[in-house]
Amino acid sequence: MSADPHSFPQAAHWTQLWRTGVLHSCSHGIEGNYDGELRLFWERNAAVLPQGARVLDVGTGNGAIALLIHRFRPDLQVVGTDLADVDPRSNVANGRGLFSGITFLPRTPMHAIPLADGSVDLLASQYAFEYAAQGPALQEFSRLIGPGGRIAWILHSTNSEISRISSRQAQAIADVLRSDGIFDRAEQVIKELYAAKASGPSFLSGSRTAEQSRLAFNEAAGALVDRALAERDLPVLGRSVGILQDALGPAAQDPSTALRRLQSGRALLAEEAARLQELMRATRSEDEMKRLAYALGAQGMNSGFEPLMYRGVNMGWALEAVRE
């Protein structure tokens, strides 16, 4: 595989997420690593493996699933791959200790994994396989999984709570970043402060445009705060408030710093929107899961799937398969 960090620009927004240090993509709703029914799913699939078996976690991100399996069965060989430029040992707090004994292969697409034929005993994936091109990925997995090898996947569902919240989160970001929205209004306020710094403080008191910009921003800011309080299940609204507060804090004394912070915050929200949109495109209906099971069957994999419930909430599809 190429080690060029720019080999897969389509994964750049995921690379940025993993560099923030979050352990997994559900970090806003699940603190620490996955627990409950999610953890039990992985422990059950790891429990049946023979001593020293190899587990491949595709779309590993910052290694949450690889870590769960390694802690439950430290005898297993655990390898994590991801299309993004992941580095859990550096990105996650205490990562060097946490991930000792786990091998990570960044910038590795699912259709080109540098492992030997038949060398994988369990091919794991949580919220990852559905992002790849199915045909090439399944062909590669068929090469990697030997006789008796297993698949265990958790996939996004069109009916899951994750899908529902993601749709609302994406709409919230679109509302915040829309033309003439609060970020545009904040930028206009900062530009007025630039002008005041160049012309003197009296510029603001005598500028009707500056007063209109301030009032327009205050109106939008009030509406955003009210919405963030009313829709607490959408953390992106609270983050948007925080970004604006951080950007505008130094605005009067240092407009250039304020503008840089605002632009950086806007870019972070745009990256999150791209991830959410990609997630929604990746969700699978029941009919699509049936077609996936059929495709696995064509490769000699006996499979079954069902909704995976976590604390009474639908978190997606759980699929398991065994090569006959």
Side-chain angles (χ1 to χ4, degrees), residues 1-5 7-8 10-11 14 41-42 44-61 63-70 73 75-86 88 99 101-156 278 281-282 284 288-305 316-324:
M1 286 304 303
S2 169
D4 179 4
S7 297
F8 305 106
Q10 68 271 35
W14 291 103
F41 175 84
W42 293 113
R44 176 165 53 80
N45 277 280
V48 300
L49 296 175
Q51 186 82 11
R54 173 179 278 171
V55 177
L56 173 62
D57 175 31
V58 296
T60 192
I65 304 309
L67 182 60
L68 279 178
I69 293 172
H70 178 66
R73 287 283 307 273
D75 62 292
L76 300 176
Q77 304 173 55
V78 181
V79 179
T81 67
D82 205 292
L83 187 66
D85 189 16
V86 297
F99 298 108
I102 302 174
T103 300
F104 291 105
L105 303 175
R107 303 180 299 281
T108 302
M110 291 188 200
H111 65 266
I113 296 173
L115 297 177
D117 294 2
S119 64
V120 172
D121 299 290
L122 172 63
L123 199 150
S125 170
Q126 181 162 316
Y127 306 139
F129 166 75
E130 57 268 46
Y131 290 88
Q134 177 173 300
L138 289 180
Q139 185 175 2
E140 179 73 336
F141 297 166
S142 181
R143 179 186 72 79
L144 292 168
I145 300 171
R150 306 174 66 85
I151 277 176
W153 295 342
I154 297 175
L155 304 96
H156 287 302
E278 193 174 359
R281 290 193 297 270
R284 296 293 181 101
E288 288 172 318
M289 290 299 295
K290 288 177 181 177
R291 289 195 289 272
L292 174 57
Y294 180 83
L296 288 169
Q299 297 187 350
M301 303 288 293
N302 183 21
S303 67
F305 65 89
W317 297 109
L319 179 147
E320 297 174 67
V322 180
R323 167 155 277 170
E324 301 295 339

Margin query: Going by the rule side chain to side chain contact (heavy atoms under 4.5 Å, CB included), which residues pair with E320 if we only count those two or more places apart in sequence or in a different chain?
Written below: F41, R44, N45, R150

Notebook entry, point to check: Any sub-3.5 Å donor-acceptor pair from S119's side-chain atoms to D117's backbone N or O?
Noted result: no

Next item on the list: Identify the two heavy atoms, one from G52 and one from D75, that lie closest to each other, and give their separation to 0.1 Å.
Entry: N-OD2, 3.2 Å

Checklist line | Distance, nearest 0.5 Å, that separates CE of M110 from OG1 of T81 | finding: 6.5 Å

Margin query: Can you tell me how far apart CG (L76) and CG (L49) are? Round to the nearest 0.5 Å.
Written below: 5.5 Å

Note to self: For a 4.5 angstrom cut-off between non-hydrogen side-chain atoms, does P109 reach L83?
What the structure shows: yes

Margin query: Restricting to non-hydrogen atoms, name the atom on A321 and the atom on M301 that form the minimum distance, rounded to 0.1 Å.
Written below: CB-CE, 3.8 Å

Notebook entry, point to check: Does the distance from a Lys or Arg side-chain N to an Asp or Glu carboxylate O, for R143 and E140, drop under 4.0 Å?
Noted result: yes

Notebook entry, point to check: Considering all heavy atoms of both residues, which atom of H111 and which atom of A137 are nearest to each other, and what is their separation?
Noted result: CB-N, 4.4 Å

Next item on the list: Quick one: pull up CZ in F141 and CD1 in I113 and give me the separation to the nearest 0.5 Å.
Entry: 5.0 Å

Check: Hey, what do you get for CG (N302) to CZ (R323), rounding to the nearest 0.5 Å?
Finding: 12.0 Å

Check: Measuring from F305:CZ to L155:CG, what's the distance to the nearest 0.5 Å?
Finding: 10.5 Å

Notebook entry, point to check: Nearest heavy-atom pair of L144 and L115: which atoms, and what distance?
Noted result: CD2-O, 3.6 Å

Next item on the list: Applying side chain to side chain contact (heavy atoms under 4.5 Å, CB included) between D57 and each of I69, I65, L68, report the one that passes.
Entry: I65

Notebook entry, point to check: Within a strict 4.5 Å, meaning less than it, do heavy atoms of the T60 and I102 side chains meet?
Noted result: no

For residues 120-135, dump all side-chain donor-acceptor pairs below 3.5 Å to protein atoms at least two apart in sequence or in another chain.
unit_1 : atom_1 : unit_2 : atom_2 : d
D121   : OD2    : R54    : N      : 2.8
S125   : OG     : F129   : N      : 3.0
Q126   : OE1    : W42    : NE1    : 2.7
Q126   : NE2    : Y34    : OH     : 3.4
Y127   : OH     : M315   : O      : 2.6
E130   : OE1    : A128   : N      : 3.1
E130   : OE2    : H156   : N      : 2.6
Y131   : OH     : H156   : NE2    : 3.4
Q134   : OE1    : R284   : NH1    : 3.4

Item checked: Spacing of CD1 belonging to I145 relative to CD belonging to Q299, to within rounding of 0.5 Å -> 8.5 Å

Next item on the list: Please report the shortest heavy-atom distance between G63 and F104, naming the atom on each side.
Entry: CA-CE2, 4.0 Å

Checklist line | Min side-chain heavy-atom separation P114-L105 under 4.5 Å | finding: yes

